[in-house]
Amino acid sequence: MPSQLINGAIKFMEENFTEHAELFGSLANHQKPHTLFIGCSDSRVVPSLITSTLPGELFVVRNIANVVPPYRISEEFLATTSAIEYALYSLKIKNIIVCGHSNCGGCAALFYDAKKLEKIPNVRRWLNLMQPVKDEVEKLKDLGTDKREWITERLNIINSMQNLLSFPGIKDAYKNGEIKIYGWHYVIETGELFNYDDEGAHFTLLNKGMDYEKIYNQLFND
């Protein structure tokens with residue numbers, strides 16, 4: 001085991017835990033998170049860090065490319081669907097964030113040839129859930145790699161938001177304002193978080209309300 005992990009665990013027990021001992025004590029026998037955070041497994045995306053939240057506030061679901069599959073009941077083991085189902089119907093969480101990010105390996109892999117995915121057949125199968133996103137992106141012509149990845153990441157967030165509405169009762173609850181669903185795009189190199197505006201159908205910077213199209217043009221100005 002890497003020594004930095006051991007040292008980090010010791011530091012947590014001796015310092016970090018002590019700082020929040022009362023909080024951990026209150027969480028000993030129950031949890032009541034206010035938000036379901038659905039994010040990518042990417043090591044650069046740390047939900048509690050980018051939301052400045054404490055233990056007990058977020059119920060976190062992570063997978064490759066922050067995908068929410070359409071709801072279904074199956075004899076297979078459905079990890080992501082089961083976790084979301086538990087958050088919605090057992091914990092009764094009313095706020096959901098789907099958080100994608102820049103330079104997402106899963107989104108990039110969507111356009112790899114089959115040979116490149118030979119050694120990761122389960123990943124290849126998982127990426128099939130993103131086929132609607134790939135179809136939309138391929139309708140756009142003359143995209144460079146950077147533009148294609150940026151668009152794919154954002155369409156994938158929107159697609160996952162839409163798939164959340166396939167869970168029992170969620171579409172009506174969302175329409176009635178009983179459940180809030182947010183789509184975030186996290187830009188790793190700048191620390192910026194963009195929120196999807198469902199009514200305007202575009203992303204805006206969380207803290208400044210800057211228009212997505214302006215940011216897009218700045219980043220990909222030819």
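The first residue of the sequence shown is numbered 1, and numbering continues consecutively from there.
- For the side chain to side chain contact (heavy atoms under 4.5 Å, CB included) criterion with Tyr196, the lone passing option out of Ile158, Ile181, Val98, Thr204 is Ile158.
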query: Would Lys11 and Asn16 satisfy side chain to side chain contact (heavy atoms under 4.5 Å, CB included), going step by step from the backbone distance to the final call?
result: CA-CA 7 Å; Lys11 183 177 183 233; Asn16 304 111; 3.9 Å; yes
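- A continuous path of Ile, Leu, Val, Met, Phe, Trp and Tyr side chains, each step under 4.5 Å between heavy atoms, connects Val133 with Leu140, placing both in one hydrophobic cluster.
- Of the possible polar contacts, one joining the Ser166 side chain to the Asn163 backbone as a donor-acceptor pair under 3.5 Å is found.
- The existence of a salt bridge linking Glu136 and Lys139 is confirmed by a sub-4.0 Å separation between a basic side-chain nitrogen and an acidic carboxylate oxygen.
- Note on Phe59: it does not cluster hydrophobically with Phe24, by side-chain heavy-atom contacts below 4.5 Å among ILVMFWY residues.
- Contact check for Leu129 versus Pro70: side-chain heavy atoms found under the 4.5 Å cut-off.
- Note that the CD1 atom of Ile179 and the NZ atom of Lys92 stand 10.0 Å from one another [nearest 0.5 Å].
- No path of Ile, Leu, Val, Met, Phe, Trp and Tyr side chains, each step under 4.5 Å between heavy atoms, connects Leu58 with Leu27, placing them in separate hydrophobic clusters.
- You'll find the side chain of Pro47 reaches within 4.5 Å of the side chain of Arg62, heavy atoms only.
- The structure places CD1 of Ile97 at 9.0 Å from CG of Leu193, a figure rounded to the nearest 0.5 Å.
- Looking at Ser82, its side chain never comes within 3.5 Å of a backbone N or O of Ala79 through a donor-acceptor pair.
- Judged as a side chain to side chain contact (heavy atoms under 4.5 Å, CB included), and not counting sequence neighbours, the contacts of Ala108 are Tyr112, Glu149.
- Within 6.0 Å of CD in Gln4 there are more than 12 heavy atoms belonging to other residues, nucleotides or ligands.
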- prompt: side chain to side chain contact (heavy atoms under 4.5 Å, CB included) between Asn63 and Trp126: does it pass, once the steps are laid out?
  reply: CA-CA 10 Å; Asn63 59 45; Trp126 178 255; 3.5 Å; yes
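- The aromatic rings of His185 and Phe194 lie tilted to each other, with the angle between the two planes from 30° to 60°.
- At a threshold of 4.5 Å between non-hydrogen side-chain atoms, the residues Ile96 and Leu88 count as touching.
- With hydrophobic clusters built from ILVMFWY side chains whose heavy atoms lie under 4.5 angstrom apart, Ile84 does not share a cluster with Phe77.
- Aromatic ring pairs are classed by plane angle as parallel below 30°, tilted from 30° to 60° and perpendicular above 60°; the pair Phe37 and Trp184 is perpendicular.
- In this structure, CZ in Phe12 is found 15.5 Å from CG in Asn7, a value given to the nearest 0.5 Å.
- Under a 4.0 Å N-O distance rule, the pair Arg44/Asp42 qualifies as a salt bridge.
- Contact record, Arg124 with Ala114: NH1-O, 4.3 Å, taken as the closest heavy-atom pair.
- Within the 4.5 Å cutoff, side-chain heavy atoms of Phe167 are placed close to those of Val68.
- Between Leu127 and Leu117, the closest side-chain pair of non-hydrogen atoms falls below 4.5 Å.
- Val46 and Leu206 end up in different hydrophobic clusters when Ile, Leu, Val, Met, Phe, Trp and Tyr side chains are linked at under 4.5 Å.
- Counting heavy atoms of neighbouring residues, nucleotides and ligands inside a 6.0 Å radius, atom CZ of Arg72 exceeds 12 of them.
- Of all non-hydrogen atoms in Ile93 and Leu36, the two that sit nearest each other are CG2-N, 3.4 Å.
- Within the 4.5 Å cutoff, the side chain of Lys134 has no heavy atoms near those of the Met130 side chain.
- The shortest distance between side-chain heavy atoms of Tyr71 and Leu78 does not fall below 4.5 Å.
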Step-by-step side chain to side chain contact (heavy atoms under 4.5 Å, CB included) determination, Asn156 to Leu110: CA-CA 11 Å; Asn156 183 47; Leu110 193 58; over 6 Å; no
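- Here the closest non-hydrogen pair linking Pro33 and Leu91 is CG-CD1, 3.9 Å.
- When atom types are taken as modelled, the side chain of Arg148 and the backbone of Phe111 share no donor-acceptor pair closer than 3.5 angstrom.
- Atoms CD and OG, from Glu57 and Ser52 in turn, are 9.5 Å apart once rounded to the nearest 0.5 Å.
- Taken from CG in Asp135 to CD in Gln131, the straight-line distance is 4.5 Å, to the nearest 0.5 Å.
- A donor-acceptor contact under 3.5 angstrom links the side chains of Glu192 and Thr190, judged on distance only.
- To the nearest 0.5 angstrom, Cys99 atom SG is 4.0 Å from Ile50 atom CD1.
- Shortest non-hydrogen contact noted between Cys107 and Ala65 is N-CB, 4.3 Å.
- The neighbour count for Glu22 CD, taken as heavy atoms of other residues, nucleotides or ligands under 6.0 Å away, does not exceed 12.
- Annotation: side chain to side chain donor-acceptor pair (under 3.5 Å) contacts involving residues 171-181, sequence neighbours excluded, comprise Tyr174-Asp198.
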